[in-house]
Each structure stands twice: as C-alpha cells, then as structure tokens.
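Structure, as structure tokens:
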Amino acid sequence: MDAVALLIADHNRVRGLIARYGEAHESENLDEAAKLVAKIVDELDVHMTIEEEVFYPAIHELKDEISESVDEGVEEHHVAKVLIKELGSLQPTDEFWAAKVTVLIESVQHHVAEEEEELFPRFRRASNATWLKVLAGKLEAKKKALGAPVLADKIDMPKSELEALARAQKIPGRSSMDQEQLAATVSPK
Ligand SMILES: [Fe+2]
Ligand SMILES: [Fe+2]
C-alpha cells in the first residue's frame with residue numbers, strides 16, 4: 001500500500017468516527033458523543049503529525065507549485081489544533097462544546113477533501129511508485145513511534161472480522177475495499 005492510500009485510509013477512519021458522532025449527537029447521547037470526539041482528536045493528532053513530519057516535507061522536496069498547497073494544508077492543520085485545544089478546556093455539557101465540535105468537523109472535512117481532490121493526485125503524478133512505497137514505510141514507522149496502530153498490526157485479521165469492524169465503525173466505501181484497504185482503515189478495537 002502506498003503513502004497516499006495510507007493517508008486516505010486515515011481520512012476514512014475519521015469520517016466513520018464523524019458519522020458516529022453525528023448519530024450520538026442527534027440522539028443526545030452525550031457520553032458517546034464525548035467518547036467519539038476524544039477518538040477523533042486522537043486520530044487527528046497522529047494524522048496531522050505524520051503528515052507534517054513525513055508527508056508534507058516530502059512534497060516540499062518535489063515541486064514548487066505543489067508546495068503552495070502544502071503551506072495551505074499546514075495552516076488548516078493549525079486551525080484544527082486551535083479548535084482542539086479550545087475543546088480541551090470545555091466540558092461536553094458546556095454551551096459551546098457541540099458548536100465547536102461542528103466547526104472542527106467542518107474544517108477537517110474541507111481539508112481532507114482538498115487533500116484527496118487536489119494535493120494527493122498532484123503528488124501521485126509528480127512522484128513514482130517506488131518513492132510512494134518508501135514514503136509509506138516512513139509514515140508507518142512514525143505512526144508506530146507515536147503508539148498508534150499500523151497496517152501490519154491488522155493485515156492478518158480475517159476479512160470477515162475486518163468487515164465487521166468497518167461496518168461497526170461506519171467506514172465509508174467499505175463494501176468496495178479489499179483486505180488490505182480494510183486493514184489499513186479500521187481501528188483494531
Ligand atoms: Fe492534512
Ligand atoms: Fe490528511
């Protein structure tokens with residue numbers, strides 16, 4: 001699996017959490033909503049770190065025009081971090097908690113869509129298969145160092161188990177994913 005596919009897997013894992021948060025929020029299940037927001041924040045922390053420390057610098061090495069999109073990406077990460085920090089000082093019962101979660105979700109959705117529609121395809125075109133594989137190894141190593149689950153931890157799980165996790169975790173596009181994509185995308189628990 002190449003670097004871009006791994007990052008998209010992270011995005012889809014977060015999209016699943018966002019969908020589940022939406023349901024918990026709708027049904028006013030505050031405990032569940034708070035747990036899901038904590039998971040979203042943990043996922044974003046790891047994902048933003050591996051992008052900023054491994055992926056974005058790799059893009060900077062490639063081409064100047066793509067670098068501009070990276071600078072915008074870094075600023076969008078910054079906005080997410082500010083919102084996450086502010087959320088940390090609020091309780092889920094506070095008046096502005098849900099509003100702030102909504103703004104965080106909307107800004108993350110905008111950012112990941114931009115990465116998937118613009119940055120990633122341009123990076124793929126400017127890169128090559130070998131480099132994308134090397135970069136995948138670096139992303140996974142960084143993720144492991146941060147204590148987060150990596151593809152290798154999940155790749156040997158039976159497909160039926162991965163499918164069940166993907167269903168429970170509301171992973172978008174799960175029905176058309178192969179074993180490797182499922183393993184990269186699901187959270188192991
Ligand atoms: Fe990003
Ligand atoms: Fe991303």
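One-based numbering, in listed order, for ligands and for the atoms of each.
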Exercise. Do the side chain of Lys154 and the main chain of Val186 share a donor and acceptor less than 3.5 angstrom apart?
Worked result: yes
Exercise. Checking Asp178 side chain against Glu180 main chain: does a donor-acceptor pair fall under 3.5 Å?
Worked result: yes
For this session: Give a yes or no answer on whether the side chain of Gln169 reaches the backbone of Ser187 with a donor-acceptor pair at less than 3.5 Å.
Result: yes
Seminar exercise, completed: Taken in chain and number order and not counting sequence neighbours, the residues that satisfy side chain to side chain contact (heavy atoms under 4.5 Å, CB included) with Glu115 are His11, His47, Glu51, Tyr56, His77, His111, Leu119, Phe120
Exercise. What ring-ring contact (aromatic ring centres under 6.0 Å, His included) pairs are there with at least one residue in residues 168-189, not counting sequence neighbours?
Worked result: none
For this session: With 2.8 Å as the limit, jot down which protein N, O or S atoms are around the Fe ion (ligand 1).
Result: Glu51 OE1, Tyr56 OH, His77 NE2, His111 NE2, Glu115 OE2
For this session: Applying salt bridge (Lys or Arg N to Asp or Glu O under 4.0 Å), name anything that partners Lys39, two or more places apart in sequence or on another chain.
Result: none
For this session: Would you name the N/O/S atom of His11 that lies closest to the Fe ion (ligand 2)?
Result: NE2
